[in-house]
Amino acid sequence: VGHWGFVWLAYGVGTAVLSGYLVLLKGRLRDAGAELSALEQDGGRRTR
Amino acid sequence: MMASNRVAARSVGAGAGLLLAIGLYLGLVVAPPDAVQGELQRIMYLHVPSIVTAYLAFFVVFCTSVLYLWKRDLRYDAVAVASAEIGVVFTGITLATGSIWGKSTWGVWWTWDARLTLTAILFTIYVGYLMLRSFAEDPRAGARYGAVLAIIGFLDIPMNHFAVYWWRTLHQPSSILRAGGPSVASVMLLPLAINFMGLVLLYAYFLLERFRLERIRHKTAEVRLKRGRKAYERERPMHAGESG
């Protein structure tokens, strides 16, 4: 691997880690939000 | 309130993207190759800002952990957990890019050099912190033990910074945070500074989003607790009857 190969490898790994974390974080936010609203809706139905 | 926070987070994220695009262009296209290391030195524009951002993240964990132990407010703990997770991500990038840089200049992916070892220990401490937090059954006990671990773990950072002066290491000494000012040419310092600002903004964006996740989880736990309490109160007379 030439010099540029190592440079691209480093930037590729950095980009993959950061975008992977962003995607995972968005997924966890979506799941947590859905769980909370399901709980709240269920609670609302029970009180009615 | 929630909607305005999300707009603020998106603006911070867009700012991060813009700065990183400029910084990468300057670092990979405009800046000249290094006189000694040639093109390989361009890894510095990602490696150095990553570790400085990780230090910033762990400094936030340290401050909010002290505040949590003092005030016992779970909001400080939520910021600490969020920042620790992001700090681990940036330390992971630093270790990976450092390893690639090491292979291309020293000929090895890893060596037990003081700076490298202390960075790996830093990574392990905060991975341990996150594991402790996820395994704790009582959130308040988890927050308390986590805060103590985070405060002790932070001591690794000054040791890591001075490791290149205290011990004989393969890793080069600091070129930016050193007495007498940076030893890097301004044409190389500019992409480094822009990438650093971009990564700090990206850290802020991740922190806002991760903090939001922690707040949603707290709210979910509260709703579950309230519901459990109501169910217990409804069934209590029945249980009291059974035991009497």
Side-chain angles (χ1 to χ4, degrees), chain A, chain B residues 6 13 16 20 24 27-28 33-34 37-47 49-50 82 85-86 88-105 195 199 202-203 205-210 212-224 226-227 230-231:
Chain A
V1 186
H3 281 192
W4 274 109
F6 282 111
V7 173
W8 288 121
L9 180 62
Y11 281 87
V13 168
T15 310
V17 171
L18 290 175
S19 20
Y21 181 69
L22 180 64
V23 170
L24 281 176
L25 184 58
K26 290 283 177 193
R28 285 153 82 196
L29 268 167
R30 202 176 38 245
D31 293 347
E35 189 188 354
L36 178 62
S37 38
L39 260 178
E40 281 174 342
Q41 276 174 10
D42 187 36
R45 270 202 298 273
R46 279 191 191 189
T47 29
R48 276 198 294 273
Chain B
R6 290 182 73 174
L20 287 173
L24 289 178
L28 294 173
D34 182 65
Q37 294 192 27
E39 310 293 355
L40 283 176
Q41 174 271 341
R42 295 184 195 276
I43 297 175
M44 175 186 80
Y45 302 122
L46 174 62
H47 180 72
S50 294
E85 190 176 284
I86 305 160
V88 164
V89 170
F90 280 107
T91 313
I93 292 174
T94 307
L95 285 170
T97 54
S99 176
I100 294 164
W101 202 354
K103 177 64 183 169
S104 52
T105 51
N195 273 350
L199 285 191
L202 189 63
Y203 159 74
Y205 170 69
F206 283 159
L207 187 67
L208 288 168
E209 292 293 81
R210 184 60 184 77
R212 186 158 69 88
L213 174 64
E214 210 57 28
R215 298 296 290 163
I216 293 173
R217 283 179 175 169
H218 283 184
K219 208 169 173 192
T220 307
E222 268 171 33
V223 173
R224 282 189 196 284
K226 263 186 207 161
R227 191 165 300 172
K230 272 184 195 161

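Just so it is clear, the structure is predicted and the values come from calculations on it, not from any experiment. Note on naming: letters A, B, ... go to the chains in the order of the sequence lines (proteins, then strands), and numbering restarts at 1 for each one.
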message = Between A/K26 and B/E209, does any NZ, NE, NH1 or NH2 come within less than 4.0 Å of an OD or OE carboxylate oxygen?
response = yes

ask   = Heavy-atom distance under 4.5 Å to chain A: side chain of B/R217, backbone, both or neither?
value = side chain

query = Among B/Q41, B/E85, B/R224, B/K226, which residue forms the greatest number of heavy-atom pairs with chain A at distances under 4.5 Å?
reply = B/E85

query = Which value, rounded to the nearest 0.5 Å, describes the distance between A/E40 atom CD and B/K219 atom NZ?
reply = 5.0 Å

Distance in Å, A/L36 CG paired with B/H218 NE2, rounded so as to fall on 0.5 Å steps = 12.5 Å

query = What part of A/Y11 lies closer than 4.5 angstrom to a heavy atom of chain B: side chain, backbone, both or neither?
reply = both

Contact origin within A/L25 toward chain B - heavy atom pairs under 4.5 Å = side chain

inquiry  = Less than 4.5 Å to any heavy atom of chain A: does that hold for the side chain of B/I93, its backbone, both, or neither?
reply    = side chain

message = When you compare the side chain of B/T97 with that of A/V13, does any pair of heavy atoms fall below 4.5 Å?
response = no

task = Starting at CZ of A/R30, measure out to CD1 of B/I216 and round the result to the nearest 0.5 Å.
result = 12.0 Å

Distance in Å, B/L46 CG paired with A/L18 CG, rounded so as to fall on 0.5 Å steps = 7.5 Å

request  = To the nearest 0.5 angstrom, please state how far the CZ atom of A/F6 sits from the OG atom of B/S99.
outcome  = 10.0 Å

inquiry  = At a 4.5 Å cut-off on heavy atoms, which part of B/L202 comes close to chain A: side chain, backbone, both, or neither?
reply    = side chain

Check: A/W8 and B/I100 side chains under 4.5 Å, non-hydrogen atoms = no

message = Counting only non-hydrogen atoms closer than 4.5 Å, does A/V7 touch chain B with its backbone (N, CA, C, O), its side chain (CB onward), both, or neither?
response = both

request  = Let me know if B/Y45 has heavy atoms under 4.5 Å from chain A in its side chain, its backbone, both or neither.
outcome  = both

key: Euclidean distance, B/E214 CD relative to A/R28 CZ, rounded to 0.5 Å   = 8.5 Å

